[in-house]
Amino acid sequence: MTTTQKLVIVVGAGPVGLCLALALAQGGIAVTLIELLADDKFLDQVPRAGSNHPATLELFDRIGLYEKLVPRSIVAPKFHYWDRQTGTLIAEFDHVWLKDDTRFPFVLQCERIKIIEEALKMAKAHPLIEVRMATTLTGFTQNADGVSAQLTNGAGEAETVTGSYIVSAEGARSVVRKDLGVEFEGFTYPERTLNIEVAYDFKQHGYAERNYISDPVEYSNLFHWKGPPDRWRIHFPTDPNEDEKALTRPEAMQARLKRFLPLDRDFEICGCNLYAVHQRVAKKFRVGRGILAGDSAHVNSPIGGMGLNSGVHDAFNLAHKLARILRGEADENELDRYERQRRHIAVKHTQAQTIRNKRLLEERDPAVRQRNHDELRRASEDPELARKFLLRASLLESLREAEQIQ
Ligand SMILES: Cc1cc2nc3c(=O)[nH]c(=O)nc-3n(C[C@H](O)[C@H](O)[C@H](O)COP(=O)(O)OP(=O)(O)OC[C@H]3O[C@@H](n4cnc5c(N)ncnc54)[C@H](O)[C@@H]3O)c2cc1C
């Protein structure tokens, strides 16, 4: 295999692969983007991420994606912590405290599916991006000159494409990560999370667009998404011994929802899904010319909305470095710096913070719960503490910290 072609193979047209492809192409680098789903199945995926934090909005804006998302999104400057035991609001955080830190002092509630729909249109329109839908990466090899990716195309035929580097943005089940023999260190929680989509206006009960609800028995998260028709998504932890069918029976979900908010009629349930929650980080983010980004490099609980966000941060960090290398402005040490920066953030910020978020919501010890709630309240009421809290929650702090790592 010899290739002098300065082309990057990006595997996976999720939010990370698409942002990476767009940022590279806009930096003058050619990309082949491989996606296993066909066009007619692409938008059938289950709803997932959707809270896009200020640091990520700055990056979306850089590639012209932000303006495409706004008409399809809800602007959410505030979020709440609630105590389900007493039905009281513990703390309200307002991103207005970040008005001097970012042009985007709010979260944009825009689901993954809308992000990838808009970004895929942009990728298909870019002359430097070749989008290969219905094409699956099955393996790859590398040598000193480049990489060679084995694919199965939409007609079921085997194909090989070559390039300078291959980036796995394939999600948690990355073929590249397995081919590289990189361990995915961490653990999986025994309980799965049940996500129920409901057409009901929770705002009339005082909820914000984003709510974290603490409860030693059954904590939850409640988020609002723009329609039409508008939806609210509510997450509950589930009993590890109960099977999926029992958990997602309409009567079982109605009962769960009515325990959360007693209503004299049924909720209009529009959808549901059950998912396992992992906390894992790849031991290495780069082996030679094979590089991991997004969920292929790290996965975490969705409490705090950090998975997609931190993956998109990987994409922009990596695009900048790969473009410099391929333009001859930097050497491959830049890729080791990518690993140092983004792995540090994955471990010290994303993992630590999401594990803490879950603990905080499910805390059983009444004294610790009280202390946690008092701290949240104090932080939300003091402008300096609120700003500090929001810098972390908005991922602006982690983005700045990564830049300091040489
Ligand atoms: C219920 C839920 C809620 C969430 N909420 C949030 C949130 O609010 N905020 C947040 O930041 N994160 C959230 N997350 C996490 C977020 O969805 C992921 O972190 C994010 O989608 C990862 O993006 P990615 O591009 O790395 O991978 P993915 O989104 O998984 O995309 C991978 C792509 O690669 C393709 N692919 C896979 N294998 C191959 C192959 N072999 N060949 C070719 N193509 C392949 C797939 O079809 C897919 O299109 C949530 C997750 C869940 C489950």
- Check the side chains of Ser148 and Gln142 for a donor-acceptor pair under 3.5 angstrom, ignoring hydrogens and angles. no

Exercise. Going through the checks in order, is the side-chain contact (heavy atoms from CB on, under 4.5 Å) test met by Ile116 and Gln45?
Worked result: CA-CA 11 Å; Ile116 59 174; Gln45 304 179 48; 3.6 Å; yes

Practice item. For Thr152 and Thr136, test the side chains for any donor-to-acceptor distance below 3.5 angstrom and give the result as yes or no. Key: no

Do the side chains of Asp264 and Lys258 get close enough for a salt bridge, i.e. N-O under 4.0 angstrom? no

Quiz prompt | Note: Asp374-Arg377 ion pair, threshold 4.0 Å (strictly below) | solution = yes

**Item:** Criterion side-chain contact (heavy atoms from CB on, under 4.5 Å) on Ile291 and Ser168, from CA distance to verdict
**Value:** CA-CA 6 Å; Ile291 307 161; Ser168 165; over 6 Å; no

| message | Would you say Tyr165 and Glu332 are linked by a side-chain donor-acceptor pair, where the criterion is simply a distance under 3.5 Å? | response | yes

Tightest non-hydrogen contact, residues Ile74 and Lys226, listed as CD1-N, 3.4 Å

- Do NZ/NE/NH1/NH2 and the carboxylate oxygens of Glu218 and Arg364 come within less than 4.0 Å? no

Does the pair Asp83 and His373 meet the rule for a side-chain contact (heavy atoms from CB on, under 4.5 Å), with working shown? CA-CA 8 Å; Asp83 179 352; His373 294 180; 3.7 Å; yes

*Validation row, ring centre Tyr200 to ring centre His205 under 6.0 Å*: yes

Decide, yes or no, whether a salt bridge links Arg173 with Asp295 under the criterion of side-chain N to carboxylate O below 4.0 Å. no

Of Val167, Leu18, Leu24, Thr135, the one forming a side-chain contact (heavy atoms from CB on, under 4.5 Å) with Leu33 is Leu18

Checking Ile355, Val277, Asn357 against Ser301 for side-chain contact (heavy atoms from CB on, under 4.5 Å), the one that qualifies is Val277

For a ring-ring contact (aromatic ring centres under 6.0 Å, His included) check, start with the C-alpha distance between Trp232 and Tyr207, then their side-chain angles and the critical distance, and finish with the verdict. CA-CA 11 Å; Trp232 289 71; Tyr207 290 107; 7.4 Å; no

Tested for salt bridge (charged side-chain N to carboxylate O under 4.0 Å, His left out) against Glu339, the lone hit among Arg286, Lys284, Lys283 is Lys284

**Q.** Step-by-step ring-ring contact (aromatic ring centres under 6.0 Å, His included) determination, Tyr219 to Tyr212
**A.** CA-CA 8 Å; Tyr219 68 88; Tyr212 297 102; over 10 Å; no

- Once the angle between the rings of Phe260 and Phe236 is folded into 0 to 90°, is it parallel (under 30°), tilted (30 to 60°) or perpendicular (over 60°)? perpendicular

Salt bridge check, Lys388 against Glu384: does any charged N sit closer than 4.0 Å to a carboxylate O?
no

When you compare the side chains of Gln85 and Asp215, does any donor N or O come within less than 3.5 Å of an acceptor on the partner?
yes

Query raised in the report: Counting distance only, does the side-chain N/O of His278 pair as donor-acceptor with the main-chain N or O of Arg280 below 3.5 Å?
Result: no

Do the charged groups of Arg400 and Glu403 touch, with an N to O distance under 4.0 Å? no

Within 45° cone of Phe184 ring axis and under 6.0 Å: Arg177 NZ or CZ: yes

Exactly one candidate in Phe223, Phe106, Phe93 meets ring-ring contact (aromatic ring centres under 6.0 Å, His included) with Phe79; the answer is Phe93

Query raised in the report: Is the shortest distance from a Lys or Arg side-chain nitrogen in Arg112 or Glu117 to a carboxylate oxygen in the other one below 4.0 Å?
Result: no

Fill in: salt_bridge(Arg387, Asp100) N-O dist < 4.0 Å
no

Go through Arg233 and Leu222 one step at a time and tell me if the side-chain contact (heavy atoms from CB on, under 4.5 Å) criterion holds. CA-CA 6 Å; Arg233 191 181 293 168; Leu222 175 66; over 6 Å; no

